[in-house]
Protein chains: 2
Amino acid sequence: MTITQLKYALAIAEHKNFTKAAEKCFVTQPTLSTQIQKLEDELDIIIFDRGKKPIELTDVGRKIVFQARNIVNEADRIQDIVDQQKGFIGGEFRLGIIPTVMPTLLPMFLNNFIKKYPKVKLKIEELTTEEIITRISDGHLDAAIASTPLESDNIKERVLYYEPFVAYIPNSHRLRDKKTIEVSDLDIEDMLLLEDGHCFRDGVINLCKSFKNQTDDHFQLESGSIETLIKLSNEGMGMTLLPYLHTLDVQEKLNTNLRHFKEPSPAREVSIIYHKSELKMQIIDAMYDVISGIIRGAIAFQNVEIISPISK
Amino acid sequence: MTITQLKYALAIAEHKNFTKAAEKCFVTQPTLSTQIQKLEDELDIIIFDRGKKPIELTDVGRKIVFQARNIVNEADRIQDIVDQQKGFIGGEFRLGIIPTVMPTLLPMFLNNFIKKYPKVKLKIEELTTEEIITRISDGHLDAAIASTPLESDNIKERVLYYEPFVAYIPNSHRLRDKKTIEVSDLDIEDMLLLEDGHCFRDGVINLCKSFKNQTDDHFQLESGSIETLIKLSNEGMGMTLLPYLHTLDVQEKLNTNLRHFKEPSPAREVSIIYHKSELKMQIIDAMYDVISGIIRGAIAFQNVEIISPISK
DNA sequence: ACAATTAATACGTTTTTACTATAGTTTTTA
DNA sequence: TAAAAACTATAGTAAAAACGTATTAATTGT
């Protein structure tokens, strides 16, 4: 049994196809065939059921592959240890970011980060929290930036900042004349929300729920981007809530539409999250340092109340 | 990097000597030399400092070897999974047993176990609790039978039975006429104890301490075996405490010297313990079943108070 | 039934692994 | 302190393993 064979088995389990797996492993398909056969022979069990199309794992095969994942992960950490020793911060680093954080946070730290750590090959993807959790768990992402706490077993969280909710209140709205908003002012019925799947949407719903026992899920307008929410709001479709960093982008003439919450302001917790195995921890540490250094200048709220990002 | 190379590195780290490590790996010394060089080249670090005699690990080397241990352990579990699938209970199984359990428990279950699982090659060693903890942690033991709780981080415990302490009181002892003993009757000053290192000794000391604030460690007589304790006691050197199973061996004519404690009787907890990685869990399960099946006929106390086996 | 897809097999080549023999060092012993 | 012993590194070689190309075999979809 070799680590290579285990990697091959993992690739096949993932792609359910020898040929594609072979490509991903940068070898030919016969190489995979023979190596998997050798592994199966040595263990004297069948890992893959080639009878079915696409290929399926046998019961033992599933356990073997699960354990192979552990072994390969642990093996990858050897390189990690070496990198740490050499003070080397580099290699591929796959980062997921949730949609409501992406456009504001990414421009703030990206330049800074790639300048400071030019050897890191960043691969950034915009993903929902749910997708992020899946991909961190199965090793397709090294880390992600998401709203926390997530209460996910094999994922660790490290808080980057607390980002208050800010109300965006258009002309002629009933709350227009208030200087500061209170949570009890909110009515989910005239609140513009992001479409389903965004954790910021869930946060807002939780916030409103916490004061009104609103369980009716019948809302009128939903959008995929915060920019759209603002435009819809300007059209008089209702008020909305924005994450604080987004308000820095709001055009000056619309600035008057913003209302901060009375302290303790409701806020979302934004964290860098990663697998509990702590693979590539040096890069995660580096990214944490860069982001929290930058954010310190941008957000300086102390008195906040954290709103859960998980729909309940 | 191959699993084989990691195993070689582990062997060298353990023996601090290429030649001996090569023997343990069943290869020649040059094979080890070249493979370790290949590993070091690939990682571009030095693992072993050959400058010192005996060989020492470098700082990174220590971390690499630690991680190698993890990887090799995880890799071993592949065979475990296969064995489990096949319902195969076999292979080498290294079991440690503390001295005060060995002579009574081992004869009770050994025959039974090797008859039921003839393919398991048992290697049993009598070891102190301290030695057992070290050897389970570093993988030299697969499991052990010891008195618990141990509060050791990477060791799991599964209770086999509770074994009450029984007082052995010779003729003309001040407690001779009592039908049942109470903990408050005990005086550590006239108690015969096992020599240092035995957890049963620590248990007895804890028991006495719990009633008298006795911190003076000056005892007069100490012995290495419970048999000797009984003989010393018969010579009038004082009373002593025995684990219940030992009292079943006491000759009939000396039976009259035994006094049970008033319930709840002080007792030690005896468990099968193993590494948290749960390697060879099928065999551990099998052994648990055999022992607890046998012990059910021998010990049937319900009302006990557990005494810690750790000196405090 | 035929084309397309995909895994297995046959076979040659390259790479890797491990062996024997031996050289080069350091440590121990006389 | 010189000789012996212990130990690791290196060279060369044989065996085994890994991988590639070419091809066959089996299955699926049209």
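Naming convention: chains lettered A, B, ... in sequence-line order (proteins, then strands); numbering from 1 in each chain.
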Using atom CD1 of A:Ile46 as one end and atom P of C:dA8 as the other, report the distance to the nearest whole Å.
10 Å

Return the value, rounded to whole Å, for the distance between atom CD1 of A:Ile12 and atom P of C:dA7.
8 Å

Residue pairs passing the side-chain hydrogen bond (donor to acceptor under 3.5 Å, both in side chains) test with at least one member in residues 27-36 of chain A, sequence neighbours excluded, are A:Gln5-A:Gln35, A:Thr28-A:Thr31, A:Gln29-A:Ser33

With a 4.0 Å limit, can you tell me whether A:Arg50 has a side-chain N or O closer than that to the phosphate oxygens OP1/OP2 of C:dA8?
yes

Tell me: CZ of B:Phe18 to P of D:dT8, nearest whole Å?
6 Å

Does C:dA30 have a Watson-Crick or wobble partner in any strand here, with both distances under 3.5 angstrom, and which is it?
D:dT1

Within the structure shown, what part of the strands sits under 4.0 Å from B:Leu32 by heavy-atom distance: base, sugar-phosphate, or nothing?
nothing

Here the distance between atom C1' of C:dT6 and atom CD1 of A:Ile36, to the nearest Å, is 15 Å

Could you check whether the rings of A:Phe113 and A:Tyr117 sit parallel, tilted or perpendicular, using 30° and 60° as the cut-offs?
tilted

Walk along nucleotides 13-21 of chain C from 5' to 3' and tag each nucleotide B, S or - by protein heavy-atom contact under 4.0 Å, base first, then sugar-phosphate.
---SSSBBB

If every non-hydrogen atom of A:Asp83 is compared with every non-hydrogen atom of A:Gln282, which pair is closest and at what distance?
CB-NE2, 3.2 Å

Polar atom pairs (N or O), protein with nucleotides 25-30 of chain D, under 3.5 Å:
none

Does the A:Thr134 side chain pair with the main chain of A:Glu130, one donor and one acceptor, at a distance under 3.5 Å?
yes

Here's a test for you: under salt bridge (charged side-chain N to carboxylate O under 4.0 Å, His left out), which of B:Arg94, B:Lys121, B:Lys123, B:Arg135 qualifies with B:Asp142?
B:Arg94

Test item: B:Thr58 side-chain N/O and B:Ile47 main-chain N/O as donor-acceptor pair under 3.5 Å
yes

Kindly say if A:Ser33 contacts the phosphate of C:dA8, meaning a side-chain N or O under 4.0 Å from OP1 or OP2.
yes

Distance below 4.0 Å between A:Thr19 side-chain N/O and C:dT5 OP1 or OP2:
no

Salt bridge present between B:Asp153 and B:Lys276 (N-O < 4.0 angstrom)
no

Verify the contact: side-chain N or O of B:Asn17 to OP1 or OP2 of D:dC7, cut-off strictly under 4.0 Å; return yes or no.
yes

Please give, in whole Å, the distance from D:dA17 P to A:Glu42 CD?
10 Å

Please report, rounded to the nearest Å, how far the P atom of C:dT6 is from the CD1 atom of A:Ile55.
10 Å

How many whole angstroms separate atom CD of A:Gln37 from atom C1' of C:dT9?
8 Å

Taking B:Lys156 first and then B:Glu151, would you say they form a salt bridge - that is, a charged N and a carboxylate O separated by under 4.0 Å?
no

So, are A:Asp59 and A:Arg62 salt-bridged, with charged N and O less than 4.0 Å apart?
yes

